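See below for the structure under consideration.
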There are 2 protein chains.
Amino acid sequence: MALDERKKLILKAVVDDYISTAEPVGSKALALRSDFNISSATIRNEMAELENDGYLIHPHTSAGRIPTDKGYRVYVDNLMQIPEPDEQYTLKVKEFFAEGLDEITDVLENASKALSESTGYTSLTLTPRLRKNQLKQIKMLMIEPGKVLMVVVLEEGVVKDRLVRVSDLIDESQLLRIADAVERGLSGIPIEEITFIAVAAAGKKVEIPESLLKQILYEAYVSIKQADSLGVYMDGANKMLGYPEFYEVDKAKSFMDTLSERGMVAGYLDEVNSDLESDDNAEVTRKPYMIRIGQEISITGLKDCSFVTTLYSTGGKIAGSIGVIGPRRMDYAKVVSSIGFVRSHINEELRKLCSDGCDKYIGESLK
Amino acid sequence: MALDERKKLILKAVVDDYISTAEPVGSKALALRSDFNISSATIRNEMAELENDGYLIHPHTSAGRIPTDKGYRVYVDNLMQIPEPDEQYTLKVKEFFAEGLDEITDVLENASKALSESTGYTSLTLTPRLRKNQLKQIKMLMIEPGKVLMVVVLEEGVVKDRLVRVSDLIDESQLLRIADAVERGLSGIPIEEITFIAVAAAGKKVEIPESLLKQILYEAYVSIKQADSLGVYMDGANKMLGYPEFYEVDKAKSFMDTLSERGMVAGYLDEVNSDLESDDNAEVTRKPYMIRIGQEISITGLKDCSFVTTLYSTGGKIAGSIGVIGPRRMDYAKVVSSIGFVRSHINEELRKLCSDGCDKYIGESLK
DNA sequence: TTTTAGCACTCGGGCGATTTGAGTGCTAAA
DNA sequence: TTTAGCACTCAAATCGCCCGAGTGCTAAAA
């Protein structure tokens with residue numbers, strides 16, 4: 001089962017070739033490569049063994065070989081060389097981070113564009129999961145009678161707001177008292193732990209009519225919970241139509257149909273990466289990205305694709321997922337390099353944006 | 001040039017047929033239709049004339065006819081019968097408006113989904129252009145030192161906000177004074193007329209250090225201007241891959257590539273509809289939608305498509321565009337019917353949301 | 001024992017010839 | 001003015017053919 005050096009070399013060559021041409025790779029073509037000093041016949045023998053062991057297949061007798069999922073797996077885990085970020089795409093990426101970005105959502109939207117531009121595949125970025133973040137403030141701003149802007153402030157300076165309608169009998173000073181009470185009662189608690197009961201308890205003492213109070217507290221509760229909702233940015237889906245694997249409309253359509261269920265794809269990404277997050281052993285540190293190939297993906301309709309995903313993080317509690325979706329035959333090495341580069345930019349931008357909890361990290365090298 | 005009744009009948013039949021089958025329509029097929037009492041030969045003669053006059057073409061000698069842009073034009077302007085909303089899609093649409101929607105953006109996002117679901121084509125909805133709306137309030141909420149939430153409130157209860165970073169030397173009371181001054185100086189002015197000079201003048205009197213003041217006023221200005229930025233929701237682009245006109249990947253790709261430039265498409269829609277808006281003669285009232293067919297569209301890459309667009313409005317100053325993009329061979333009648341239905345739902349929802357300027361309309365029938 | 005040259009074999013894809021049939025335009029009769 | 005009839009056209013489907021890339025196997029060479 002263990003591959004000897006030559007087999008590895010051949011497997012790597014096959015994958016590299018197939019990635020760049022999308023054509024099955026034959027023994028002769030490999031033999032002609034300047035860095036191979038063995039004859040095509042030998043390569044044929046080796047390939048036959050690689051096929052036996054499940055790393056390659058050939059679509060029909062008279063065709064070359066293409067990698068299987070297992071073949072790709074060995075390739076991404078052991079064989080590929082991840083290039084240093086090259087100028088061609090670092091420039092592109094930097095463009096997207098050039099202007100001052102004031103909000104996390106802007107950072108992620110741009111990151112998504114940068115990722116898809118620099119890789120040529122489809123990118124996905126998710127806003128951070130904030131459930132573990134503590135509530136710091138809650139403000140209720142009266143816009144006009146009956147209309148209130150609920151502003152929820154979490155640790156590390158994350159702000160979310162939401163316009164709600166309430167009874168127009170409530171006046172500004174009452175609102176202020178409610179907001180104060182809720183804030184006093186709940187600040188410091190991670191939002192995932194905040195329940196409606198807790199909110200109600202916090203606001204209980206405020207002396208305004210029960211029904212009005214309850215309405216506001218409920219809206220406050222919803223606003224707090226909603227601060228954790230997952231935002232999704234996707235870019236470059238159209239780019240996939242340029243790859244031969246999607247030349248048949250049926251394939252293209254089923255891919256596009258699946259992507260249009262953004263929520264589902266985002267959910268999958270979030271789930272895959274929560275493994276990455278919890279798993280903080282050395283292995284992960286060395287290779288802080290995750291690759292899912294073909295059948296490994298549990299979403300029907302993306303079985304002919306691969307994911308490369310990673311986490312960005314401020315170093316504090318803010319962390320979220322980004323990923324690239326490409327054909328199974330994607331240029332993994334380049335994507336890994338590119339996603340790492342984009343990730344470090346996101347981290348840097350977010351550190352600039354987070355003022356309190358993160359300040360202590362600013363001095364550190366961004367790696 | 002004027003078409004006699006029989007020619008109209010034939011033209012309508014050709015378009016109807018072609019819309020539903022995507023195949024060129026031959027004389028024989030038409031003659032067999034139960035509602036035609038003329039022979040195929042006669043139809044052939046008529047068709048030849050319709051072709052001469054530019055309403056039809058045939059792709060090659062031995063094929064049936066398909067409509068030209070001009071043919072479609074006559075069809076949509078005079079021939080098609082717009083059906084009453086039928087149950088099949090009214091139900092779908094209603095679903096999307098079922099839950100309480102608190103913000104304009106939610107309404108439009110759902111509207112977009114409803115439109116694409118009910119028509120089977122790609123939909124586009126734009127947030128209202130608010131440039132003509134007056135500024136009512138501006139609030140600056142200190143989140144933490146150096147971080148301020150700028151809240152801009154326009155007429156009819158529209159709220160936009162934006163997180164900005166400022167010097168952390170500014171304290172809450174100073175902020176309050178600045179916001180007050182700006183609000184006093186500018187409220188009642190349409191935001192398109194507000195310049196940085198005007199903002200600076202309004203805030204001039206506040207006694208805090210020049211450079212700090214300028215920074216805040218600049219951010220206030222940007223926030224006000226940004227309240228007019230165009231939000232775009234698009235849905236169902238993937239649906240287009242199901243239509244024969246996109247069976248060739250090249251076509252599909254160029255379409256998708258064009259759509260991915262959302263800004264451009266949205267800009268076009270906005271522009272097209274600003275005509276509709278200003279043009280308030282009887283013609284428009286009777287037919288409050290606009291159709292652009294094939295070559296009439298000035299966006300390269302959508303020349304094989306058609307647009308059906310209309311405006312939603314609260315009756316007050318809030319108005320925006322929605323539209324459907326489909327293949328040139330789209331089911332115009334159904335789309336017009338559907339877009340009208342969705343529009344009335346948007347109007348209704350927005351009226352619910354706007355509390356001041358719109359209240360007076362609530363009693364009116366929604367048509 | 002491993003590598004290589006040689007060779008027969010397989011099979012997808014491309015090319016051209018042929019056929020098919022839907023649809024036309026025209027003419028002459030109703 | 002309408003219609004039946006007919007010759008004609010041409011895209012698309014079908015068939016047969018060949019080509020060549022690539023294989024697996026065998027036997028010789030290293």
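These figures come from a predicted structure and were not determined experimentally. Below, chain A is the first sequence line, B the second, and so on; all start at residue 1.
Between Asp69(A) and Arg328(A) there is a salt bridge, since at least one side-chain N of the basic residue sits less than 4.0 Å from a carboxylate O of the acidic one.
Side-chain nitrogen and oxygen atoms of Ser62(A) include none within less than 4.0 Å of the OP1 or OP2 phosphate oxygen of dT10(C). OP1 or OP2 of dG23(C) has not a single side-chain nitrogen or oxygen of Ser27(B) nearer than 4.0 Å. Taking 4.0 angstrom as the limit, Thr61(B) places a side-chain polar atom (N or O) nearer than this to OP1 or OP2 of dC10(D). For Arg65(B), a side-chain nitrogen or oxygen approaches OP1 or OP2 of dG25(C) to under 4.0 Å.
Nucleotide dA30(C) forms a pair with dT1(D), judged by Watson-Crick or G-U wobble geometry with both contacts under 3.5 Å. Look at dC7(C): its Watson-Crick or wobble partner, with both distances under 3.5 angstrom, is dG24(D).
The distance from atom CD1 of Ile66(A) to atom C1' of dG22(D) is 14 Å, rounded to the nearest whole Å. Atom NE2 of His60(B) is separated from atom C1' of dA22(C) by 9 Å (rounded to the nearest Å). Put simply, CZ on Arg6(A) is 8 Å from C1' on dT3(C), counting in whole angstrom units. Rounded to an integer number of Å, the gap from CG of Asn45(B) to P of dA28(C) is 15 Å. Between the NZ atom of Lys28(B) and the P atom of dT3(D) there is a distance of 16 Å, given to the nearest Å. Look at CG on Asp4(A): it is 15 Å from C1' on dT1(C), rounded to the nearest Å. Between Leu32(A) atom CG and dA21(D) atom P there is a gap of 12 Å when expressed in whole angstrom units. Rounded to an integer number of Å, the gap from CZ of Arg44(A) to C1' of dG6(C) is 10 Å.
No side-chain donor-acceptor contact under 3.5 Å links Thr119(B) and Ser338(B).
Once rounded to the nearest 0.5 Å, the distance linking CD1 of Ile322(B) with CG of Asn273(B) reads 9.0 Å.
For the pair Ser337(B) and Ile82(B), the tightest heavy-atom approach, listed with the atom from each and the gap, is CB-CG2, 3.9 Å.
Nucleic acid contact for Ala41(B): base, since at least one base atom lies under 4.0 Å from a heavy atom of the residue.
Note: Phe341(A) and Tyr89(A) have perpendicular aromatic rings, judged against thresholds of 30 and 60 degrees for the angle between ring planes.
The residue among Glu46(B) and Pro59(B) whose nearest nucleotide of DNA chain D lies closer to the 5′ end is Glu46(B).
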